[in-house]
Structure formats: structure tokens, C-alpha cells
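What you see below is based on every heavy atom in this structure, not just the backbone, and it leaves out hydrogens, waters and symmetry mates. Keep in mind the model is a prediction, meaning the values are calculated, not measured. Below, read A as the first sequence line, B as the second, and so on, with proteins coming before strands; counting in each chain starts at 1.
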Number of protein chains: 2
Amino acid sequence: MLDATSSYNPMDSRIPVADRTGHRTVPETTRRTERRLPGTRYGNRPTMKDVAARAGVGLKTVSRVVNGEPGVTPETERRVQEAIEALGFRRNDSARVLRKGRTASIGLVLEDLADPFYGPLSRAVEEVARAHGALLINGSSAEDADREQELVLALCARRVDGLVVIPAGDDHRYLEPEIKAGVATVFVDRPAGHIDADVVVSDNFGGARDGVGHLIAHGHRRIGFIGDMPRIHTAAERLRGYRTAMEDAGIPVEDAWMSLGVTDPERVGRAAREMLSGPEPVTAIFTGNNRVTVTVIRVLAGHPRPVALVGFDDIELADLLQPGVTVVAQDAAALGRTAAERLFRQLDGTLLGPERVELPTRLITRGSGELPPAD
Amino acid sequence: MLDATSSYNPMDSRIPVADRTGHRTVPETTRRTERRLPGTRYGNRPTMKDVAARAGVGLKTVSRVVNGEPGVTPETERRVQEAIEALGFRRNDSARVLRKGRTASIGLVLEDLADPFYGPLSRAVEEVARAHGALLINGSSAEDADREQELVLALCARRVDGLVVIPAGDDHRYLEPEIKAGVATVFVDRPAGHIDADVVVSDNFGGARDGVGHLIAHGHRRIGFIGDMPRIHTAAERLRGYRTAMEDAGIPVEDAWMSLGVTDPERVGRAAREMLSGPEPVTAIFTGNNRVTVTVIRVLAGHPRPVALVGFDDIELADLLQPGVTVVAQDAAALGRTAAERLFRQLDGTLLGPERVELPTRLITRGSGELPPAD
DNA sequence: CCTGTCTCTGACAACGTTGTCCAGGCTCTA
DNA sequence: TAGAGCCTGGACAACGTTGTCAGAGACAGG
């Protein structure tokens, strides 16, 4: 499952067990004696039982105080509070969860938290979760289907109440038992594969079509498209938008104008340079996401002729470049917020069936998309 | 504690209780009958007991199969696996955690996940956690001390094994009982207040001193400093670096050159414009963090004379602006990685006492810091 | 003084898992 | 063939909490 690089690996399901000589590793409870708090049991945290004993009351009375339930005299409450304070007691939510069934936590599986697109999305999900008293567990799939599944199932084992998933894989049937068991699930940015589930996406098709249309309106005909791997739904949709815009304008698309694949700077840079060379180079480029846009901007900065550019996704400082970068912006925070809200409505029971919600994109013109063709 | 905007609020400790008429709300276990899986108990997920019953074996045998423990015949294992498959059983880690004591999860409390500085940091922590088989729970404090404490204590109640905290508040004595109880703790970016704990920081002082020194070396004397609120440790350290560099160069600093406070664009923009006006305007500005830098770049873009600029924190596309933005870069990912590694070493027991680790910063020259004074 | 009601409190079971321990059946050897 | 030892499987307690229920006082009304 996961690599262990040290002795700490609590979820390891392999067997540390006694070896053939019968020796056993020292039980965990014996560590850190010197750090133990007076009044607590060896190496462990104080429990309600400890508090009850110290306060001279019953277990349930402590529970009542901790949870603010009624039916405790002020005097008793004071004694309990005092004991809690003195022992540094903190309720164990694991036990609580086990008893109550809900964990008050939701999981978010995305591609890469370091990507500036996902940071705001995650934050938005967190805010909604917070408003509902839930915590957020994040996981990065690194665009790997197996890792996505591993993460999702780990989250399910934790019994998160709900999942917000930005799919990396394209088959999510493995989630069916979980959904049946009541795990609320919303997919974001890309639809789920082979299951019927709630999904919140941007209007990738329309956004790309409008962005490319914008270039066409400014006189371009030879327009390049550099995007992500076509198995990624958003990439495919944006490509479809490109094709549609071109078709609507009656421009036959040449293969040399399109480049789809991994979005590392090397491949993208090569693709851009190829499109820009030869006897009939493109006069404009439409880029399929923020990473591609940044790379292409770098290429264009070193290019002799001006080349028009429209990028999908807004990027910071885009307005300060020369020329400013025209983009089709999607609202990452709104995606996250909408998804999380639907998630909690599923948990409330106020949501009927699975639905597909599409959020609009916005064309922001800043100059790069308005350059005329330099033929 | 937290606002509930709906009926879902599992961790609410206020009393939903029976009202005076004796009516009760419907127990949770009765929801979603239509979604229940055949073979499971009403509204609940299958447990090992269910699997054991279906496979015709004992409870512990199922546990053994699930955990890959030895001592189960292939035939028995097959039967158990079959039952697991058929019922869609997934081990309940809450119960496991309760029994084992470790949750295999760590908490990360930072200021704002949407900030491009924290995304990579969080991702780095996650990668280390993953290598140790642990999940990461994120929380944004929004630079609010109370919210930080609330988050940290909520994470402790979940019994996270460790905490990585980017402090918002300046008193962390509330964490003492937790640390004594064995919660590994590492502070990042800023030191903890009033407690002795592990901390990983950048060399804010040295970085700022070098950045300002760079401006001085290019002939500037009237150098402005725009930074965050001085109660934030990093802001104070960077200010100290600025003062030291000026002092070392024998330049008396004027009050009008320094501006400290919240880093919203409005205040920062006003501060920058003030420094740049009057009879003796600054000829260079040192900015105290990425947000400030971006705002100041915008101001400078509309300013008639060229003004030198060095910023703390690297920003994306800084190299593509005209001129390129010279920055003092800190390595957010390294901060996160180092902190997380120390955390797990605490859990391993291979770390001795609390320590302060300082990571170097790097001056990246791109042009804006090398502009001569425009006197 | 007794009875009924109300308030406060605590004993106990249950949540789902894992660790301990023991029993029964098997193989192997003396 | 009997005894020793191993392998497999299961009964049971425990983890820390919450829900249920019933008991113990207090107090008022008859």
C-alpha cells in the first residue's frame, strides 16, 4: 500500500508479530514515561473515567458536563470542570465517533494541492465544512487513478461523512458500495466514471469555444491548441470547444495545430515552438490550462513575432505582463463551495437525485488575445 | 463553537434533546432505507461480525484476513474474502484507532490554503505523511488566534498523532497538556509562543538583510519597507533584517520609509504611493511578503519613474515581468518537508529535544533589484 | 406520615475492532 | 500407539464514549 520509511506506521497491515524465538516488540504503551502527566494512566491520556474518579462522580455525569447536557447541579459541574482542568482531559472523538456513527469530517481528493487552482478550491470546501462543524481531510492523487482509489478508500475506512473528489481515474464503480452505505459524494471539475453521481463542473466546452472564438474574431485562422491528455475530461471538453469554434467559423483544423499530452514545460515548450515554426506557423495559441499557459508565455517571450494568446484558467499577475494575458477564467472557489454545499445537502437529505451542475466561465480580455495576426 | 447552517452538525455539543412535550427527533439510524445494502443491518454498514456470520467463521478470523495476519488456511481466507466482497465490507478505522491508540493521521494548521505559499508547503507535508502511512487533516486559521486554537484542539480531540502548526496566535501554552500526552508537535514558519517546541523557520532576518543589502549595493539609500503586522514573527524578523542592513550601511532610517500593517491591497497601495511621493521619495522598495510584492508591482506599473524592488517570497511569472522581479525566495516545500520529517522522528522517538531549524533563503536577481536610483 | 412527582445521578450495554488466551485437530516422532 | 508440538479457529475482554434506564433524594400535597 504505502511505503514506510521508518518504524512509525500505525496503519500498516503487515505483521510485525512475534518472531520465531517468541520475542515481542515492546508494547507501545510503555514509551515516554517521563512525559506522562500525573493522574493519568501509564503513557495514556486521561479518560472520562479518570475525571469521574477524581471528581467523585459517575462516568455519565462527566459525559453530561463535557457535552453541555442538562441535569447537572452547578456544584457538581464545577467539581467536574476542575477535574477536567487538572487532568488536562480532552474528549476522545474516536470513541465518540464509534458510538455516534458520524465522524464530522469530509474528505477531499484532488490532483495536487500545490497547484494554484486547487488551493482556493480546497479552502472553499474547508470553509463550508467548517460552517457545518466538520473537518477536512485532504489528499493529493497526483493524477494517478490507483492513488486516487487508495486515498478514497482510506478516507472511507476513516468513515468520513462525505467525499469531494476531483477524479483522476475514469472508473469509479469501486465507490458504489460506499455510496450505498451512505457516504455522500460529489465529484468536481470532472464527472465520475461509470457511476451516477453528483458532479459540479465548469463550462469547459463553452469557455474554450468562446476563447477560441475571441481569437477568430480578431482575425486569426491558424490557431494552435495545446492541452492536457485527452483522457482527462476537462481537456477533452476544451478541445471540443476549440474544434467547435473553428468549425463554426468554417476553418478546417490541421493536425499540426493541436498538441495534447502531459503538461510538463518541456513537452509543452516543444509543442509551442513547433507550431510557431515552419512555412505556415500559427498566429495564435489557445492554451488548455494554467500550467500550459505559463509555459507558452515563456516561449512567446522569446519569440520574434507577436503571437496572440488566450489561456484557460486565470493566472496571477496576468494583467501585468506585456501584453496582459487574456484568459478564460473559471472560479475555483465557486466550484469547491458549490460542491461542498451539495455534499452537506446530501447529508441533510435535502437533495433529491444526482445532478450535474455547470458553472459559467468568464472571458477576461487583457491584450494578448486581441493582437492581430502577424502574417 | 462553530456555526451550523443546517441540520447536519454531528459534533454539535449543544443539546438537541427532547422538548417539553416529550417528542424526540427521529433517530439517525432510520434514514435512507432505500439505499441499504442487502445483508447489512438497517442503515448501517456491514461489520466483521456480519462477514464472520456469512463466511461461517469466527470474528477474529475475519480480523486476521483483513489484516493479513498469518494462521488462516487458504480455503478459509477465500471464504472470508468472498463474504467481504459480497457485503462490501470496509474496516472501520474509528474502531481500530480506538483499540490501537494511533490514528495514523496528522494535522496541519496554516493560515490560508489558498495562499500560493501554503499550497506547496501543505503538499510537502502530505507527501511525508503518506510515506509514513498517515493522512493529513488541513485547517486554515485565517490568521486568527482563537480559530487556530479551536482547530488545534479539534485535531487533538480526533487524536491526531502529530501536529504541524503555522502559528497565528502568540501563546501556545494551551498545547502543553497535549504535548505532554504525546502529541508530536512541530511549528513552522514562526516559533511557538511561551512553550518550548520544535520549530522550522526560514532565515527571515538574513534574507531580508541580504535583499535590502542588494538594493544598497546598487546605490540606493532611500529604501522603503512595506511589511505585515509586526506582531507576526516573520514580519518582525524581516523588518529587523531591513534595519540591520541599513544600519550596517550607515543609513539612518526615516519613519516615512516604513509601513507595517495588514497586507490588503488598499493599505499597501496607499503606503507605496505615499513613499513614492513628496520631496524626497524612496528610490527602492523592499516588500515583506508575496501579497505585498504583487500589490506594489501594480503600483509601480503605474508610476512615472522606475523604482527598484526586491520582494520577500518568490512569485510565479516574476521572471516574465518587465523588469523581472528580484526576490528573496524561501522554499515552502522544504519548510513543510523538514517539519513533517521532524514530526515523524518525534513519533519514532529518534528525536531528542526541541530544536530550532533555520532554512536558508536565496536571493534571485531578475532585474527589478538592479535598477539604479532614479534621482 | 405517606404518596407521587421531579431532579439529579450512576450502572450498564453497545459501538467495531484487536490482543490474549485456550481448545481441538492435526502431524510427527519415540 | 501415545505423547508432544504445531496449526487453525474462536470466545472474550478491552479501547472511551454515549444512550437507556432506573434508583435515590427532595419536596409538595393529601
Side-chain angles (χ1 to χ4, degrees), chain A residues 10-13 15-18 20 22 24-25 27-29 40-41 43-53 55-77 79-80 89-103 157-159, chain B residues 10-11 13 15-18 20 24-25 27-29 40-41 43-53 55-77 79-80 89-103 157-159:
Chain A
M11 280 307 175
D12 193 347
S13 47
I15 0 84
V17 289
R20 299 187 183 273
R24 297 193 164 273
T25 46
E28 282 198 10
T29 42
T40 63
R41 284 196 316 296
N44 282 328
R45 305 193 61 138
T47 71
M48 285 194 178
K49 211 160 143 188
D50 301 321
V51 174
V57 302
L59 189 56
K60 181 65 212 204
T61 300
V62 177
S63 172
R64 273 193 270 261
V65 171
V66 169
N67 293 299
E69 288 171 34
V72 183
T73 31
E75 161 58 14
T76 311
E77 172 157 1
R79 284 217 319 281
V80 172
F89 166 80
R90 193 94 55 207
R91 179 176 67 193
N92 184 332
D93 277 347
S94 288
R96 179 170 220 248
V97 153
L98 180 59
R99 189 61 233 253
K100 303 201 73 149
R102 286 275 172 110
T103 57
R158 301 292 167 103
R159 295 293 188 270
Chain B
M11 282 306 175
S13 47
I15 0 85
V17 290
R20 297 184 187 276
R24 298 192 163 271
T25 46
E28 283 198 9
T29 41
T40 63
R41 286 197 313 296
N44 282 330
R45 305 193 59 139
T47 72
M48 285 194 179
K49 212 161 143 188
D50 300 321
V51 174
V57 302
L59 189 55
K60 182 64 213 211
T61 300
V62 177
S63 173
R64 274 195 268 261
V65 171
V66 169
N67 293 299
E69 287 171 34
V72 183
T73 35
E75 162 58 15
T76 310
E77 171 158 2
R79 284 219 316 282
V80 172
F89 167 80
R90 192 94 55 205
R91 179 177 66 193
N92 183 333
D93 276 346
S94 289
R96 180 170 218 245
V97 153
L98 181 59
R99 189 61 232 256
K100 302 201 77 148
R102 286 274 172 108
T103 58
R158 300 290 167 104
R159 294 292 186 273

Query raised in the report: Considering only side-chain heavy atoms of A/A95, which listed nucleotide, D/dT17, D/dT18, C/dT17, is closest?
Result: D/dT17
If you restrict it to nitrogen or oxygen atoms, what contacts under 3.5 Å exist between nucleotides 10-14 of chain C and the protein, and what is each distance?
unit_1	atom_1	unit_2	atom_2	d
C/dG10	OP1	A/G58	N	3.3
C/dG10	OP2	A/G58	N	2.5
C/dG10	OP2	A/T61	OG1	2.6
C/dG10	O5'	A/G58	N	3.4
C/dG10	N7	A/R64	NH2	2.8
C/dG10	O6	A/R64	NH2	3.4
C/dA14	N3	A/R99	NH1	3.2

Report summary line: Paired with A/S63, the side chain to side chain contact (heavy atoms under 4.5 Å, CB included) test is passed by just one of A/N67, A/L59, A/V65, namely A/N67
Report summary line: On DNA chain D, more 5' by nearest nucleotide between B/L98 and B/P74 is B/P74
Query raised in the report: Please give, in whole Å, the distance from C/dC15 C1' to A/R159 CZ?
Result: 12 Å
Query raised in the report: Between B/V66 and B/F89, which heavy-atom pair has the shortest distance, and what is it?
Result: CG2-CE2, 3.9 Å
Query raised in the report: Which angle, to the nearest 10 degrees, lies between the helix axes at the two ends of the helix from C/dC1-D/dG30 to C/dA30-D/dT1, each defined by five pairs?
Result: 60°
Query raised in the report: Are OP1 or OP2 of C/dG16 and a side-chain N or O of B/S94 less than 4.0 angstrom apart?
Result: no
Requested in this report: With heavy atoms under 4.0 Å as the rule, sort A/G71 into base, sugar-phosphate or nothing.
Outcome: base
Report task. Send over the distance from A/R158 CZ to C/dT17 P, rounded to a whole Å. Result -> 14 Å
Report task. Look at the side-chain N and O atoms of B/N92 and state whether any lies under 4.0 Å from the OP1 or OP2 oxygen of C/dC15. Result -> no
Requested in this report: Could you tell me whether the side chain of A/T73 and the main chain of A/E75 form a donor-acceptor pair under 3.5 Å?
Outcome: no
Requested in this report: Would you kindly give the CG-to-C1' distance between B/N67 and C/dT18, to the nearest whole Å?
Outcome: 8 Å
Query raised in the report: Rounded to the nearest 0.5 Å, what separation is found between the CZ atom of B/R96 and the CG atom of A/L98?
Result: 14.0 Å
Requested in this report: Give the intermediate values and the outcome of side-chain contact (heavy atoms from CB on, under 4.5 Å) for residues A/N92 and A/R45.
Outcome: CA-CA 9 Å; A/N92 184 332; A/R45 305 193 61 138; over 6 Å; no
Query raised in the report: Between atom CZ in B/R96 and atom P in C/dG19, what is the gap in whole Å?
Result: 8 Å
Query - Whole-Å distance separating the CD atom of B/E69 from the P atom of C/dG19 - result: 6 Å
Query - By salt bridge (Lys or Arg N to Asp or Glu O under 4.0 Å) - contacts of B/R159 (at least two apart) - result: none
Query raised in the report: How long is the line joining CZ of B/F89 and P of C/dG16, in whole Å?
Result: 10 Å
Query raised in the report: Are B/T73 and D/dT8 close enough that a side-chain N or O sits under 4.0 Å from OP1 or OP2?
Result: no
Requested in this report: With the side chain counted from C-beta on, respond yes when A/V80 and A/E77 share a heavy-atom pair under 4.5 Å apart, and no when they do not.
Outcome: no
Report task. Identify the heavy atoms of A/T103 and B/R158 that sit nearest to each other, and give their distance. Result -> O-NH1, 3.3 Å
Report summary line: When rounded to whole Å, the CG to P distance for the pair A/D93 and D/dT17 reads 9 Å
Report task. Mind checking salt bridge (Lys or Arg N to Asp or Glu O under 4.0 Å) for A/R64 and listing every partner two or more places apart, or none if nothing turns up? Result -> none
Query raised in the report: Can you tell me how far P of C/dC15 sits from CE of B/M48, to the nearest Å?
Result: 15 Å
